[in-house]
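This structure is a prediction, so every number in the text was calculated from the model and none was measured. Below, all heavy atoms of this structure are taken into account, side chains as well, without hydrogens, waters or symmetry copies. Here is how names work: the chains are called A, B, and so on, in the same order as the sequence lines, proteins then strands, and each is numbered from 1.
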Amino acid sequence: MNNVKLHGRKAWNQLRKPESILSILFLIILAYLIIVPLISLICRTFVWGTGDLRIRGENVEPGKFTLYHWRRMLTGDFAKSVFYKPLLNTLTITVGTVAIILLISTLLAYLVVRTDIRWAKLINALAIVPYILPSWVLSLSWLQIFQNSAVALPDGLLFFLTGKNAPEWLVYGPIPIMITLGLHYYPFGYLLISGALSTVDSQLEESAEILGANQRFIRRHITMPIVSPALLSTALLGIARSMGTFGTPAILGLPARYYTLSTQIYSLIHTQREAQAYILAIVLLLISSTGLYLNQKLISSRRSYATIGGKGVKSRKVKLGKWNTPIAVITLIFLFMVSVFPLGFLVWSSFCLNAGDYSISNLSSHYWIGASNPRFAAGEPGILRNEAVRGAAWNSVRLSLISALICGLFGMLIGYVVVKSRNSPIAHMLEQISFAPMLVPSIVFGALYLTLFAVRRGPIPALYGTFTLLVLVTIAKQLPYTVRSGVSSMLQVSHELEEAAVILGASWRERMRRIMLPLTKSGFVSGALIVLITSMRELSLYILLVTPANRMLTTLTYRYIEVGYTQFSNAMTVLLTLLVLLMTWAIKAWQNMDIAEGLGGM
Amino acid sequence: MEAVKLVGVTKEWPGVKAVDNLSFDIGKGDFATLLGPSGCGKTTTLRMIAGLEDPDAGDIYINGKLVFSASQGINLPPAARGLGIIFQSYALWPHMTVFDNVAFGLVQQKMPRDKIEAKVFGTLKQVGLEDLADRYPSELSGGQQQRVALARMVIVEPELLLMDEPLSNLDTRLRMQMRASLKRMHQEANTTVVYVTHDQEEALTLSTKIAVMNHGQLEQYSPPEDVYERPATHFVAEFTGNPQTNFLDAKVVRNGNSPYLAVGDTVLWPAQPGWPDQVVLAIRPEGLTLCNDNQPGRIPAAVYATLPVGPSVLVYADSNGIEIVIRADRGTSFQGNQQVWLELDRSQINIYDAETGKRIGDDTDH
């Protein structure tokens, strides 16, 4: 009896600690932002929806249990064209994309890290550019280079220059989707693999050499085993990312009625077959989360590799000899073609008055600053004097900044709780849940929020079509990035730094304000910066959630693509890229200034 | 009234008892050292006194006040316990100047700014850092950082000062200097210090009392001379060895009515009737003399290494499979495998029960 009371008091003392209060608070918030939407998504696939009433008419009672959707999605002709075919397409594209990612990233990483290639710094800098650009820059320019009147109007650059038409398989469908996705996503593989390669101390290889092993044996038995976790990681992350992407398969697939799971979800929701779209979302979720789960397991067992080399990694570079300059030039041309050229091309073609005519005489600033003219794009004014664009830009900037701030702060606080109470099950659960959104493809995440917030639920009003909903979905989806930087920067602050303040009588708020947050400021900034950049150019996450009243730059761009206002979408893409670069640069500059101030002594 | 009183304090981590039913008192003005190998529970004990860790059971009193009691549900926050702590890492806030670091405690007490300034500079002067008030911690040497950490805690005038291996990050010379200044500071300020270390030499030189801990339990709690000369257990004798304590397995031979002590075939001295059959003799390298001839009571051994260590020579020898270290005069030298005989200084021997490891006496007890 007394014992029970004691245990109760101990538990109560534990609960009164600030980190416990915080962890419970965040558990509630995350349950609301992540768990509830997931459950709601699953439930909605088992009931009739209001859309079904309109489509099927009789015998349908919205809200009542049914297995109709699952039966329809898994068996019969409808399932074949709406589920199995898109699934197969998705898998095909994923495999192709991952192959391209692996090929390019391994080659580039090897050249930069392990050879004495010329201009290595420039190559290294250019190699990451495609990832900074919005994902559809490549597909949009691809389309405008290869498209032709045999498939769709107007003609592309290729026809303009050579008068020849590209075959349809090169314009639309799996091949161009794989290539453009691969070219967009390879940089993260490049970063992973070059990181792993640079931890291989060449003394490891040299010792094998001295013991009489030949080069092939060394590569197979020493170098490869050390790099292989990074390769596998690249492949799994590639799967998870390319599966849920929307923009590229929409631009290069939909015109030829080539569907992937993500574009199929979009079209099902637009035809009010939500429940069936959610079933696809669940499938997509299962596949990509398996990939990420495997990757997570891999990383945790990979930690032992991190210590290889340890101090002063010495890397002996392979000499390229007379091939050095040719290889470097080819590499630079390639990088130029996948990063600078597509963007440059979009700039150029946004100034072409008539689409498909790339001659200088056709250049005009109409699509940038022109007044409304019924001859072009149904009288849409140029983007810089266009009300809709201005509204969308303001929306995008506002959304990214607000989400980045909140998400960054959440990340730091969750990081604090997780690090502070490492052994508590609540903190562990909190960490797990906050990483869950990484497993959920963006388009699925949009679908989750669509189901949950479309109607009023208890005290929470219907949020569909509001700015708040966009902020919520951004915070939830981007939380893994800020939590990761929060945890790692909190880990770097020794617990004794906080304890010294505890001893001297500082309250929890004082400790956060004066010790913990100032010390982890750079972690906060880098976490928030990731959120800012990602949400500025995020399309898949918002495509299902925006309404004409709260469009973003990305969704408005997609709108222009859908209705075929090519120059508008090009100009918008360029504008977006410039905005992202500008914001990144501004924040970096501001942060540096801040650090300099801090060192100058206050 | 004791400065610190622990009663049955226990702390369990998942799977291990870090501190197991620990009870002892620290007198006012003592310099008490918790000594033991890593993982023995000494730092956990210190952190429980500070209030940074909550015990699972037991009571803690500081200066007569009950600050923690598991049974009564009392748990005073660290700041209300009137103590200061110096961490091994110093835990200086890297984004604050020396001044701000030292002033932090006074700012928390809402002291007026001009008073803070006077007091901070006063304290910095005491530790010889008044010229470095505007520096950041990263711009200071290890010894200076250590003194800032000291100043930061001393400034709030705690009645009890806790130190967790404060000197272990310093190089040998600086460590010796800091030991001297810590000892002086303790004598001048007359505060109570609880000090944690794994370095037995540090414990012996600084403390007025040493608590030797192992596996969360107290092995011995006595003044340093006692710990060194009369280790209470086999473990304490082993842990305080420098470079190591020699242990010889011995048996009590009971032929007729006068039992005697023997190591191998060597007959030593008469034994006490109450002693168990199997005992262990502990003797430090200083208590052994190397001899060239075999006489009764001497133990045979073979020299295998001679290590000159400045003022003396350490001779390593093998006696019946056991490694023995002997401290000999400077200039002594032997050939490899040379046969020698060891004479034991009876006054320097401690005898332990082979089974329990408890000290049952020394040879001067009778």
Quiz item: Where do A:Leu504 and B:Met153 land on the side-chain contact (heavy atoms from CB on, under 4.5 Å) test, with the steps shown first?
Solution: CA-CA 8 Å; A:Leu504 292 171; B:Met153 287 298 160; 4.0 Å; yes

Exercise. Step by step, work out the side-chain contact (heavy atoms from CB on, under 4.5 Å) result for A:Lys17 and B:Asp54.
Key: CA-CA 12 Å; A:Lys17 290 188 173 169; B:Asp54 297 340; 3.8 Å; yes

Quiz item: What part of B:Arg152 lies closer than 4.5 angstrom to a heavy atom of chain A: side chain, backbone, both or neither?
Solution: both

Quiz item: Do you know the tightest heavy-atom contact between B:Ala79 and A:Gly505?
Solution: CB-CA, 3.3 Å

Quiz item: Nearest heavy-atom pair of A:Leu519 and B:Pro94: which atoms, and what distance?
Solution: CD2-CG, 3.4 Å

Self-check item: Exercise: identify the closest heavy-atom pair between B:Pro78 and A:Ile503
Solution: CB-CD1, 4.0 Å

Quiz item: Do you know which of B:Arg47, B:Arg81, B:Met96 has the most heavy-atom pairs under 4.5 Å to chain A?
Solution: B:Arg47

Exercise. Please flag which part of B:Leu83 lies under 4.5 Å from any non-hydrogen atom of chain A: side chain, backbone, both or neither.
Key: both

Quiz prompt | Over 12 non-hydrogen atoms of neighbours within 6.0 angstrom of OH in A:Tyr481 | solution = no

Quiz item: Roughly how far, to the nearest 0.5 Å, is CD of B:Gln108 from CZ of A:Arg511?
Solution: 9.5 Å

Quiz item: Any sub-3.5 Å donor-acceptor pair from B:Trp93's side-chain atoms to A:Ile515's backbone N or O?
Solution: no

Exercise. Indicate yes or no: does B:Asp100 engage A:Arg514 in a salt bridge with an N to O separation below 4.0 Å.
Key: no

Practice problem: Considering non-hydrogen atoms only, spot the tightest contact between A:Pro518 and B:His95 and give its length. | Solution: CB-CD2, 3.5 Å

Self-check item: Over 12 foreign heavy atoms within 6.0 Å of NE2, B:His215
Solution: no

Self-check item: Leading residue by heavy atom contact count with chain A [cutoff under 4.5 Å; candidates B:Ile85, B:Val156, B:Ile86, B:Ile155]
Solution: B:Ile85

